[in-house]
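Keep in mind that the numbers below use all heavy atoms, side chains included, and drop hydrogens, waters and symmetry copies. Naming convention: chains lettered A, B, ... in sequence-line order (proteins, then strands); numbering from 1 in each chain.
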Amino acid sequence: MASTSISKAEKSYIQAGLLANPPRRADGRSLRDFRPISLETGVAPLSNGSARVNIGRNPHDGSGGTEIIATVKLEVGNAVDDDGLSCTVVCSPSAYPHLSSGALDDLQHDLTTVLHSTLSHPSLRPKNLEIIPGKKLWSLNLDLLVMADAGNIYDALFIAARVALWDTKVPRTRSVEYKNPKTLSLASENMDVDRDTSSGFDTRKVSNAVDFELPDYWDEGQVLDGRERWPIAITLNLAPSVHFVDATLQEEASCASRILAAYSYETPTEPTIQCLRMFGSGELNVLGVKALIKASLLLGRIPSVLNILGRRQKSTQLR
Amino acid sequence: MSSAQGLVRNQDRRRINGPEESFPPVFTEQPPQSPISRQGRTTSDVRPIFLQPGLISQANGSAYIETERTKIACSVYGPRQSKNTAYNEKGRLNVEVKFAPFSCERRKAPMRDAEDRSIAMAIQQALASSVQLELFPKSTIDIFLVIIEADGHEGCVASGSIAASAALADAGIDMFGLVISCSAAIIGLEIWIDPTQEESDSANGSLVLACMPALGSVTSVWQSGKLTPSQVIACIETCESRCTDIHSIVAQALRENTKGET
């Protein structure tokens, strides 16, 4: 995102630092280091699942960093015209004070497109959102609010989305169906009534469910099915000959292009790519793209983010 | 509950009573995985491409592309003065995509739609590094695409990028090379190049690659759906080799067009 403009001198200073041996970044990190990531779940009590993610908060005064609040809200939807999951990214104007309202709209639309198209793909859809097959479902609305942007917005958004979806509880439902009451047929004993005889040809199993009820309290429920599938994204920023992760705003503005890959770890050993995008106008050849895909796969950081999320999950179960 | 009881009581038992309401049959079993077959092409064939540069006379440059049921008209205006934007020492590439209301199976309301912008974003990304924008400070190049008929999201992005690049060449705007784009989908375990709507609906995932074959550089990778890293790499390689073939078609069309003018 060219949301900050920096001078040419600043740009070349940052690039020279990245290309130096050993590489030097303004905050002393190596090219493979993330800033500290902090996660918090259950931040929005009225939602079905929520999370707050901060990347790069200043440990001394708790300020700064990229901050995102993600919430999941479930609503009963119509299965005919609803595909189950929708994602929206809203950028707070205070996160981008230099952008006009039109540019802000475009930015949040671009962020929404990437997230929605990745997370609403059928291969990731949870199976327990169905209430009455073919009639009613839980339609899942994932809203992400960007409170502050200090760089690496895509990674932060994907982490926030994953943690919020991980935290989500789907209320259990019991379907209700109507049956002819037995007492009526007893009353008309002497009339010529067709008895309900079961035919051998009738092998259908028709669900007559017309409505449902909620046996749970509002904060109980089961977790989303397949929640270990939700992807984690990693953005590789490309300085001419090196790539680095977790760029700050200045570093983002100083490099021409970046490549975003979202990995899903359904099985820990065999990740699948759910989204791959190139941004910016850098020069790359096919060999370079292949090397970058392999490099981002090897980055040990993704499993460690997953570990953080796993530990987080254990502590939330105590809640 | 009371209405159900009432119905039983009021039923005329001497007649055959039809059901109150009826529904079309819904089959719980999915149809077998690969019922679709490619009509008359192998997995590595692209649909035949028709490209006509210079169709819109009032634009600085234009191109019309047709790949079977994907039809896109593209016009390029500019470089012209940027309005309402801050000073920028590089030029700006502005891509706008519009679907005709009749272009898809469902009517597209003639309003700014989510899909328009995501396609515009993908095409902008594909073209951004091919245009020598540093030659046009303070100016904007407007690229307008009208999708007259769409057959697959991926096809629109790929054909749109080719048309836009040809239109830029037709407008005489300085570029490093022609951008060629090609899409691929993984169906079962096979790679199908240039999928149609029906094919990409039944795919595990799809990928659109944009590159400049003359320079051997990749300008955009755009993947969605579930693919393993090795499948992604295989798709990129196959798409790149197809792009080289498409490049000669586009170059040929441009050459014929300039011959006709002189």
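- Other residues, nucleotides and ligands place no more than 12 heavy atoms under 6.0 Å from the NZ atom of K138(B).
- Looking at T219(B), the atoms closer than 4.5 Å to chain A (heavy atoms on both sides) all sit in the backbone: N, CA, C or O.
- Across all their heavy atoms, I236(B) and V286(A) have their closest contact at CG2-CG1, 3.9 Å.
- Between the side chain of Q125(B) and the backbone N or O of G280(A) there is at least one donor-acceptor pair closer than 3.5 Å.
- For the pair K226(B) and L124(A), the minimum side-chain heavy-atom distance is 4.5 Å or more.
- Contact tally against chain B (heavy-atom pairs below 4.5 Å) for H121(A), H116(A), R277(A): the top residue is R277(A).
- Here the closest non-hydrogen pair linking V218(B) and M278(A) is O-CE, 3.6 Å.
- When heavy atoms are compared at a cutoff of 4.5 Å, L227(B) approaches chain A by way of both its backbone and its side chain.
- By number of non-hydrogen pairs under 4.5 angstrom with chain A, the leading residue of G216(B), S224(B), S220(B), P229(B) is P229(B).
- Near-neighbour residues of residues 238-246 of chain B relative to chain A, defined by a heavy atom under 4.5 Å from a heavy atom of that chain, comprise E240(B).
- Note that CZ of R117(B) and OG1 of T112(A) are 10.5 Å apart. Values are rounded to the nearest 0.5 Å.
- Within the 4.5 Å cutoff, the side chain of K290(A) has no heavy atoms near those of the V232(B) side chain.
- More than 12 heavy atoms of other residues, nucleotides or ligands sit less than 6.0 Å from atom CD of E134(B).
- Both the backbone and the side chain of L284(A) come within contact range of chain B, each with at least one heavy atom under 4.5 Å from a heavy atom of that chain.
- Heavy-atom distances place both the backbone and the side chain of V221(B) under 4.5 Å from chain A.
- Of the atoms belonging to V289(A), it is side-chain heavy atoms, and not backbone ones, that fall under 4.5 Å from chain B.
- Remark: C275(A) SG to W222(B) CH2 distance equals 9.0 Å, nearest 0.5 Å.
- Taking CG of D110(A) as the start and OG of S118(B) as the end, the distance is 9.5 Å to the nearest 0.5 Å.
- To the nearest 0.5 Å, the span separating CD on Q124(B) from CZ on F279(A) amounts to 11.5 Å.
- If you measure heavy-atom distances from Q231(B) to chain A, you find no contacts under 4.5 Å at all.
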Trace of the side chain to side chain contact (heavy atoms under 4.5 Å, CB included) decision for I273(A) with Q223(B): CA-CA 9 Å; I273(A) 303 184; Q223(B) 185 243 313; 2.9 Å; yes
